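Encoded as structure tokens, the structure appears first; notes follow it.
The figures here come from the full heavy-atom set of this structure, side chains too, leaving out hydrogens, waters and symmetry mates. Because the structure is a prediction, the values reported are computed rather than measured.
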Amino acid sequence: MSLALDAVAQDLLFREARTANTFTDEPVTDEQIQAIYDLVKYGPTAFNQTPLRITLVRSPEARERLVKHMAEGNRAKTAAAPLVAILSADNEFHEDLPALLPHFPQAKDVFFSERPVREGSALLNAALQAAYFIVGVRAAGLAAGPMTGLDFAGVQKEFLDDDHTPLMVVNIGKPGEDAWFPRSPRLSYDEVVTTV
């Protein structure tokens, strides 16, 4: 069965896309990031919540502060990437629900009045949005290097607050020389899908 996307788009977003480890020095503009966000904000989430927060690390001083919290194997590529984004979950996302869910504004209080419930929902839905963001980076013709090898508590203390939980750091840019590791295997359809 064919997909609605043509093969070129399928390759751009999935088959040929990889986690980039090197980048050119071509800058990534605010306009590119805005176009990416303006596309991926339409990805589905529970209750139309939007807990993902994106912190763009542009200044040399901020980059230096971030690099010290990265795992050793991620430091050089994070220092050299044209743009780095810290993706986090806003645990107070429920404050926006009356505007985002106008047909059920009371969802804010009915479902999300307790902090532990919000934290779980924010984590799941921000992770969904982070995946959309990575695909959006690819749709913009850029490469993403998402990483979870970092000191999460250190990144939170350095860049966020107690209401924001860091999810990952993403290096963004045009892929450089030897940007890709060899493609790793994937599970087959039969290994993943069960019909009941």
Check the side chains of [Y] and [X] for a donor-acceptor pair under 3.5 angstrom, ignoring hydrogens and angles.
| X | Y | result |
| --- | --- | --- |
| Asn91 | Thr165 | yes |
| Gln156 | His164 | no |
| Lys77 | Asn171 | no |

Residue list, ring-ring contact (aromatic ring centres under 6.0 Å, His included) with Phe93, at least two apart or on another chain | Phe112

Inter- and intrachain pairs under salt bridge (charged side-chain N to carboxylate O under 4.0 Å, His left out), touching residues 18-31, at least two apart | Asp30-Arg58

Salt bridge (charged side-chain N to carboxylate O under 4.0 Å, His left out): pairs with one or both residues in residues 121-144, sequence neighbours excluded = none

Taking side-chain hydrogen bond (donor to acceptor under 3.5 Å, both in side chains) as the definition, give me every residue that meets it alongside [X], ordered by chain and number, with sequence neighbours left out.
| X | value |
| --- | --- |
| Asn48 | none |
| Asp109 | none |
| Arg115 | Glu92, Glu119, Asp163 |
| Glu64 | none |

For Glu95, what residues pass the salt bridge (Lys or Arg N to Asp or Glu O under 4.0 Å) criterion, not counting sequence neighbours?
-> Lys108

Taking salt bridge (Lys or Arg N to Asp or Glu O under 4.0 Å) as the test, write out the residues that go with Glu61, two or more places apart.
-> Arg65

Any pair counted as side chain to side chain donor-acceptor pair (under 3.5 Å), so long as it reaches residues 174-190, sequence neighbours left out | Ser188-Glu191

To the nearest 0.5 Å, what is the distance between CD1 (Ile36) and CD1 (Ile172)?
-> 6.0 Å

Just list the side-chain donor-acceptor pairs under 3.5 Å for residues 145-152, sequence neighbours left out, or say none.
| residue | atom | partner | partner atom | Å |
| --- | --- | --- | --- | --- |
| Asp151 | OD1 | Ala153 | N | 3.3 |
| Asp151 | OD1 | Gly154 | N | 3.0 |

Short side-chain to backbone donor-acceptor contact, Tyr132 and Leu39, under 3.5 Å | no

Quick check: does any side chain N or O of Arg75 sit under 3.5 Å from a backbone N or O of Met70, one acting as donor and the other as acceptor?
-> yes

By side chain to side chain contact (heavy atoms under 4.5 Å, CB included) - contacts of Phe104 (at least two apart) | Phe47, Leu101, Gln106, Ala107, Phe111

May I ask whether Tyr37 and Phe133 are part of the same hydrophobic cluster, defined by side-chain heavy atoms of I, L, V, M, F, W, Y residues being less than 4.5 angstrom apart, directly or through others?
-> yes

Verify the neighbour count for atom NZ of Lys41: are there more than 12 heavy atoms of other residues, nucleotides or ligands below 6.0 Å?
-> yes

Got Leu87 and Val169 here, is their nearest side-chain heavy-atom distance under 4.5 Å?
-> no

Check the pair Arg53, Asp161 against salt bridge (charged side-chain N to carboxylate O under 4.0 Å, His left out), reporting the backbone distance first and the verdict last.
-> CA-CA 12 Å; Arg53 297 297 179 263; Asp161 58 32; over 6 Å; no

